[in-house]
Amino acid sequence: MIAVYAMGGGLGHLARARRVLQALGSAPADAAILSASPLASGPGIVPVPRRLARSRREFGAWLKKKLRALAPSAVVVDAFPLGILGELADPGVLPEVPVYHVARLLKWNAYREAFAGMPRKYEASFAVEALGPEHAKFLASHSRSFRSMELPLDPHCAGENPFADMPKPVWLVVHSGPAREVDALLEFAARKAREEDAAPHYVVVSPRALALPANAMQLAHPRAWELFAHAGRIVTACGFNSMLEAGPWRAKHLYLPLERRFDDQFLRAARAGGK
């Protein structure tokens, strides 16, 4: 059994964790995925108490105990090489099994200013997108191997159109973050609609309880990418998974980078062309 450290508030870390397991040839249902997201559910999820977000020491102690109890054959650390609170700078937190790292864009200077120290040597680090030079240099020096990893995309669903009876065009707004960010995406979409002289009906895909305007409806759909073929426009933020999943539909993808402490959504948007 593989334990995956997938810390973060939304669903992006979970989606990436499952794709990484698939890329490594391991079934997600056979893994233990540690997550503090209140939205996390499904087979293999190991909930992390959110109160631990306030203390590096307490989270490190909890993580050490939990991983010993799980007794995994390997550990995969997602996104944060020193942990989300810097707790992995303590070499005793992780068990004595092979440890791997999955890297995506970070605001590397900000991350290193927040967390000093060095991680345990990773058996391998896999970059799922291009990293900044200092970030890549750090991982190369703290991993026995360092290489890129292409994550599998789910098959595109072009079956029955769930929006067939709705007013056209239908613009899909996909976000698992808080209501204020959904509001920002809707405002962004409305601005783009005015530029296109369009009057879309919005379908918001979100697991959260939301108060939406009259021209929007909500859909709780766990695999939003299945709906992309049927949407006139796809509107997302610029998290790693949103950009990955909407990649095949970039011509109709509208994306708005949101501010994050460590995830560099603005650089990711610029790389995609920004629109």
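Numbers here simply count residues along the sequence, with the first being 1.
- Using a 4.5 Å cut-off on side-chain heavy atoms (C-beta onward), Leu85 and Phe80 make no contact.
- Counting only N and O atoms by type, the side chains of Thr236 and His175 include no donor and acceptor under 3.5 Å apart.
- Between Leu227 and Pro162, the shortest heavy-atom distance links the atoms CD2-CG, 3.7 Å.
- Put simply, the side chain of Val203 does not reach to within 4.5 Å of the side chain of Val173, judged on heavy atoms.
- Ring planes of Phe262 and Tyr111: perpendicular class, angle over 60° (limits at 30 and 60°).
- Closest approach of Met243 and Ala237 over heavy atoms only: SD-O, 4.0 Å.
- Arg16 is linked by a side chain to side chain donor-acceptor pair (under 3.5 Å) to His13, Asp78, counting only residues two or more places apart in sequence or in another chain.
- Cluster annotation: Val102 and Leu67 are assigned to distinct hydrophobic clusters (Ile/Leu/Val/Met/Phe/Trp/Tyr, side-chain heavy-atom contacts under 4.5 Å, transitive).
- Remark: side-chain polar atoms of Lys64 are not paired, donor with acceptor, to backbone N or O of Leu94 under 3.5 angstrom.
- No side-chain heavy atom of Met1 sits under 4.5 Å from any side-chain heavy atom of Asp30.
- Within a 6.0 Å sphere centred on CZ of Arg57, heavy atoms belonging to other residues, nucleotides or ligands number 12 at most.
- Taking the six-membered ring where the residue is Trp, Tyr255 and His253 present tilted rings, their angle falling between 30° and 60°.
- Annotation: the span from Lys65 atom NZ to Leu63 atom CG amounts to 13.0 Å, rounded to 0.5 Å.
- Tracing side-chain contacts under 4.5 Å through hydrophobic residues (I, L, V, M, F, W, Y), one never reaches Leu82 starting from Val76; they form parts of separate clusters.
- Clustering ILVMFWY residues whenever any of their side-chain heavy atoms sit less than 4.5 angstrom apart, transitively, puts Ile84 in the very cluster that holds Leu52.
- Val20 has its side chain out of reach of Val4: every pair of non-hydrogen atoms, C-beta onward, lies at least 4.5 Å apart.
- When the side chain to side chain donor-acceptor pair (under 3.5 Å) test is applied to His101, no partner is found at least two apart in sequence or on another chain.
- Under a 3.5 Å cut-off, the side chain of Lys168 and the backbone N or O of Phe163 do form a donor-acceptor pair.
- Atom CG in Leu172 sits 10.5 Å away from atom NE2 in His230 (nearest 0.5 Å).
- Atom CG of residue Leu244 and atom CG of residue Leu153 lie 4.5 Å apart, to the nearest 0.5 angstrom.
- With sequence neighbours excluded, the residues forming a salt bridge (Lys or Arg N to Asp or Glu O under 4.0 Å) with Glu259 are Lys107, listed by chain and number.
- For the atom pair CH2 (Trp171) and CG (Leu185), the distance works out to 12.5 Å, reported to the nearest 0.5 Å.
- Of all the heavy atoms in Arg68 and Gly92, the pair that sits closest is NH2-O, 2.9 Å.
- Under a hydrophobic clustering in which Ile, Leu, Val, Met, Phe, Trp and Tyr are joined whenever their side-chain heavy atoms come within less than 4.5 Å, directly or via other members, Leu14 and Tyr5 fall into different clusters.
- A salt bridge does not link Asp90 with Arg56: none of the charged nitrogens is closer than 4.0 Å to a carboxylate oxygen.
- In terms of the side chain to side chain donor-acceptor pair (under 3.5 Å) criterion, residue partners of Arg147 (sequence neighbours excluded) are, by chain and number, Ser145.
- To the nearest 0.5 Å, atom CD of residue Glu87 and atom OG of residue Ser55 are 10.5 Å apart.
- Contact between Pro49 and Pro47 at its shortest, heavy atoms only, is CD-O, 3.8 Å.
- Every pair passing side-chain hydrogen bond (donor to acceptor under 3.5 Å, both in side chains) that includes a residue from residues 122-144 is listed here, sequence neighbours excluded: Glu123-Arg144, Ser125-Ser143, Glu129-Arg268.
- For the pair Asp264 and Leu106, the minimum side-chain heavy-atom distance is 4.5 Å or more.
- For the residue pair Leu139 and Pro81, the shortest heavy atom distance occurs at CD2-CB, 3.9 Å.
- Two residues are said to be in side-chain contact when any heavy atoms from C-beta on lie closer than 4.5 Å; Ile234 and Lys252 meet this criterion.
- Side chains of Trp62 and Glu58 form no contact here, defined as non-hydrogen atoms less than 4.5 Å apart.
- Each of Leu258, Leu256, Leu186 was scored for a side-chain contact (heavy atoms from CB on, under 4.5 Å) with Glu181, with one residue passing: Leu258.
- The distance from the CG atom of Leu34 to the CG atom of Leu70 is 6.0 Å, given to the nearest 0.5 Å.
- A single hydrophobic cluster is seen to contain both Phe115 and Leu131, as judged by linkage of ILVMFWY side chains at heavy-atom distances under 4.5 Å, directly or through other members.
- The closest donor-acceptor contact from the side chain of Arg208 to the backbone of Ala179 lies at 3.5 Å or more, if one exists at all.
- A donor-acceptor distance shorter than 3.5 angstrom exists from the side chain of Gln265 to the backbone of Cys238, with no hydrogens or angles considered.
- Between Leu254 and Phe188, some side-chain heavy-atom pair lies under the 4.5 Å cut-off.
- Under the 3.5 Å distance criterion, the side-chain polar atoms of Arg233 are left unmatched by any main-chain donor or acceptor of Pro200.
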Exercise for the section: Go through the steps to decide whether Val46 and Lys66 satisfy the test side-chain contact (heavy atoms from CB on, under 4.5 Å), and finish with yes or no. Expected result: CA-CA 9 Å; Val46 178; Lys66 178 59 70 174; 4.1 Å; yes
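- The two atoms that bring Val205 and Ala224 nearest to each other are CG1-CB, 4.0 Å, heavy atoms only.
- For Phe138 and Trp108, the ring centers sit closer than 6.0 Å to each other.
- Clustering of Ile, Leu, Val, Met, Phe, Trp and Tyr side chains at separations under 4.5 Å leaves Phe266 isolated, with no partner residue.
- Between Arg19 and Glu150 there is no salt bridge, since none of the side-chain N atoms of the basic residue sits less than 4.0 Å from a carboxylate O of the acidic one.
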